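In what follows, a single structure is set out as structure tokens and then discussed.
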Amino acid sequence: MQNIFLVLGVFGMVLAISFFARKSVNRYSTFFLGAFYAIFSIYTFQTYVIESGLLLKFKWFYVWPLPLYNLIAVPIFFYFLTLIKDEFVWRWRYLLVFIPFIIGFVDVVNVYAKPQEVYDVIIENAYAKPEERLDVQYGLFNINQHYAMRFLWQFLALISLLPLLLDFIRNLLKEKDRKLLIWVISLYVLFILMSLLATMFAFEKLLKIDFLRSSGPILQTVNFVFYVVLFAIGIMPIYFPSILYGYPRSKKTRTVLSTAPKQEELKFGLDVDVLLSQLNGIKESGAFYEQDFDLTSCAKALEIPTHHLSYFLNQQLGLSFSAYRNNVRIEKGKKLIILGYLERNTMEALAQQCGFANRSSFSKTFKKVTTMNVTEFSSNS
């Protein structure tokens, strides 16, 4: 079981780095998701160290992460908030989410302010009596109270977002955005389960009641479910690789002037002008004129998911990627013809210059785009 925590720790750190390094179309939500996986990774690494009996070898890896763990509700709360609203606007009431972190920070400072012997005793007792390590008093709270508060705060933060989330889900159902719908619901449910199970464990110990420990099978089942939830949260991005980039957003209605009618504005999490400028840069680089340049290649060059690029071209330009690429290629063909390219070269050479495999496909596409064949266009030029 310990090795699972090691694997999750490594995987979580890789995910966190990926989220921080990636140029996302939803940079705020991606940042907060990366922050969660960074905390998740440190937590699973420390759990591995403790469960494997390595604490005495890594004495430094104890106590200080407590406020970091107490911060867990913050990135989760802001991830869903920024994903739903597609923006980040600070409100002073959000300070409530930081309360466990503040208390944890005060208690950790209290521990480190004491003589070194106090820290050493905490480590030795945690190693010798792991079943009692949650009862150690740091300052205001003991570790178990911090544990309970941390996950209770996570649960309350998630519940506070439920009305917004339900509206968001209804919009996704209308937009038929299946990938984002499944991702949001799955992640939200897993976080709820995680916070509920952890809070139940903590309050059982605090209140000294046995509603989970009444029988071995019940405890084993709950433990198993908790580990499955942790594992699922850790590996979910494998099945939703597009979240490394973010998601395109649908049309958002806004009022331009109080007396003017409403108009629809596309909102993608990435500036439309920036994306168009990047596409022009790719055109200038000549990539569109390579025969194997496809949707995947273009999306990779833009550092966005393929479905985002398709959505953008369709909504902003009313074109599929194939149609957009053909327009770009035929525009180059027209310019070359006007400059007298065919007076010195063959049609086959012109087709290859524009990214087509042969003159037949070039001629057919030219006719479709310009409504005239190459000879007619050449004669009128």
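All values reported here derive from a predicted model rather than from experimental measurement.
A donor-acceptor pair under 3.5 Å is formed between the side chain of Ser195 and the backbone N or O of Ile192. Panel note: side chain Glu51, backbone Tyr48; no donor-acceptor pair is recorded below 3.5 Å. Within the 3.5 Å criterion, the main-chain N or O of Thr375 finds no donor-acceptor partner in the side chain of Ser378. In this structure a side-chain-to-backbone donor-acceptor pair under 3.5 Å is missing from Arg133 to Lys129. With hydrogens and angles ignored, the 3.5 Å screen pairs no side-chain donor or acceptor of Ser41 with any backbone N or O of Tyr37. Remark: the backbone N or O of Leu54 is not paired with any side-chain donor or acceptor of Tyr127 at under 3.5 angstrom. Side-chain atoms of Glu124 do not come within 3.5 Å of backbone N or O of Val121 as any donor-acceptor pair. Side-chain atoms of Arg329 do not come within 3.5 Å of backbone N or O of Phe356 as any donor-acceptor pair. Within the 3.5 Å criterion, the main-chain N or O of Asn358 finds a donor-acceptor partner in the side chain of Ser361. Checking side-chain atoms of Asn110 against main-chain N and O of Tyr138 turns up a donor-acceptor pair under 3.5 Å.
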- Where do Tyr28 and Leu83 land on the side chain to side chain contact (heavy atoms under 4.5 Å, CB included) test, with the steps shown first? CA-CA 8 Å; Tyr28 290 118; Leu83 184 67; over 6 Å; no
- side chain to side chain donor-acceptor pair (under 3.5 Å) evaluation trace for Tyr69 with Gln46: CA-CA 11 Å; Tyr69 300 157; Gln46 190 187 67; 3.2 Å; yes
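Summarising the geometry, atom OG1 belonging to Thr346 is positioned 7.5 Å from atom CZ belonging to Arg359; distances are rounded to the nearest 0.5 Å. With values rounded to the nearest 0.5 angstrom, Asn373 atom CG is found 14.5 Å from Lys364 atom NZ. In this structure, CD on Gln137 lies 9.5 Å from CD1 on Ile143, to the nearest 0.5 angstrom. Note: Ile330 CD1 to Thr365 OG1 = 5.5 Å, rounded to the nearest 0.5 Å. How far CZ of Phe168 is from CG of Leu173: 11.0 Å, rounded to the nearest 0.5 Å. Considering CE of Met149 and CD of Gln145, their distance stands at 8.5 Å, rounded to 0.5 Å.
No continuous path of hydrophobic side-chain contacts links Val89 to Leu165 [ILVMFWY only; heavy atoms under 4.5 Å]. Ile17 is not connected to Val7 by any chain of hydrophobic side-chain contacts under 4.5 Å among Ile, Leu, Val, Met, Phe, Trp and Tyr, and they are in different clusters. Hydrophobic clustering (ILVMFWY, side-chain heavy atoms < 4.5 Å, transitive): Val109 and Val63 are in distinct clusters. Residues Leu161 and Trp92 share a single hydrophobic cluster, defined by chaining ILVMFWY side chains whose heavy atoms lie under 4.5 Å apart.
Between Phe78 and Phe31, the distance from one ring center to the other does not fall under 6.0 angstrom. The aromatic ring centres of Tyr147 and Phe151 sit less than 6.0 Å apart. Taking the six-membered ring for Trp and the full ring otherwise, Tyr119 and Tyr112 have centroids separated by under 6.0 Å. For Phe77 and Tyr94, the gap between ring centers is short of 6.0 Å. Taking the six-membered ring for Trp and the full ring otherwise, the centers of Tyr324 and Phe288 sit less than 6.0 Å from each other.
In this structure, Phe366 and Phe362 have tilted ring planes: the angle between them lies in the 30° to 60° band.
Closest approach of Ile72 and Gln154 over heavy atoms only: CG2-OE1, 3.8 Å. Residues Leu55 and Ile123 come closest through the heavy atom pair CD2-O, 3.9 Å. Gly9 and Thr44 get closest at one heavy-atom pair: CA-OG1, 3.0 Å. Among all heavy-atom pairs drawn from Phe321 and Asp294, the shortest one is CE2-C, 3.3 Å. Nearest approach of Leu309 to Ala299, heavy atoms of both residues: CD2-N, 3.7 Å. Nearest heavy-atom pair, Gly34 versus Phe20, reported as atom, atom and distance to 0.1 Å: C-CZ, 3.5 Å.
Just one residue in the list Tyr79, Phe36, Phe155 forms a ring-ring contact (aromatic ring centres under 6.0 Å, His included) with Phe191, and that residue is Phe36.
In terms of the salt bridge (charged side-chain N to carboxylate O under 4.0 Å, His left out) criterion, Asp120 has no residue partners (sequence neighbours excluded).
Seen from the ring of Phe293, Arg325 does not count as a face-on cation partner, given the 6.0 Å and 45° thresholds. Taking the ring centre of Tyr289 as origin, the terminal cationic atom of Lys332 falls inside the region bounded by 6.0 Å and 45° from the ring axis.
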Distance-only donor-acceptor pairs under 3.5 Å for side chains of residues 96-108, two or more places apart:
| residue | atom | partner | partner atom | Å |
| --- | --- | --- | --- | --- |
| Asp107 | OD1 | Leu140 | N | 2.7 |
| Asp107 | OD2 | Leu140 | N | 3.3 |
| Asp107 | OD2 | Phe141 | N | 3.0 |
| Asp107 | OD2 | His146 | NE2 | 2.7 |

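The list of salt bridge (Lys or Arg N to Asp or Glu O under 4.0 Å) pairs with a residue in residues 278-293, not counting sequence neighbours, is empty.
For the 3.5 Å distance criterion, the side chains of Ser277 and Asn280 fail to qualify, holding no donor opposite an acceptor.
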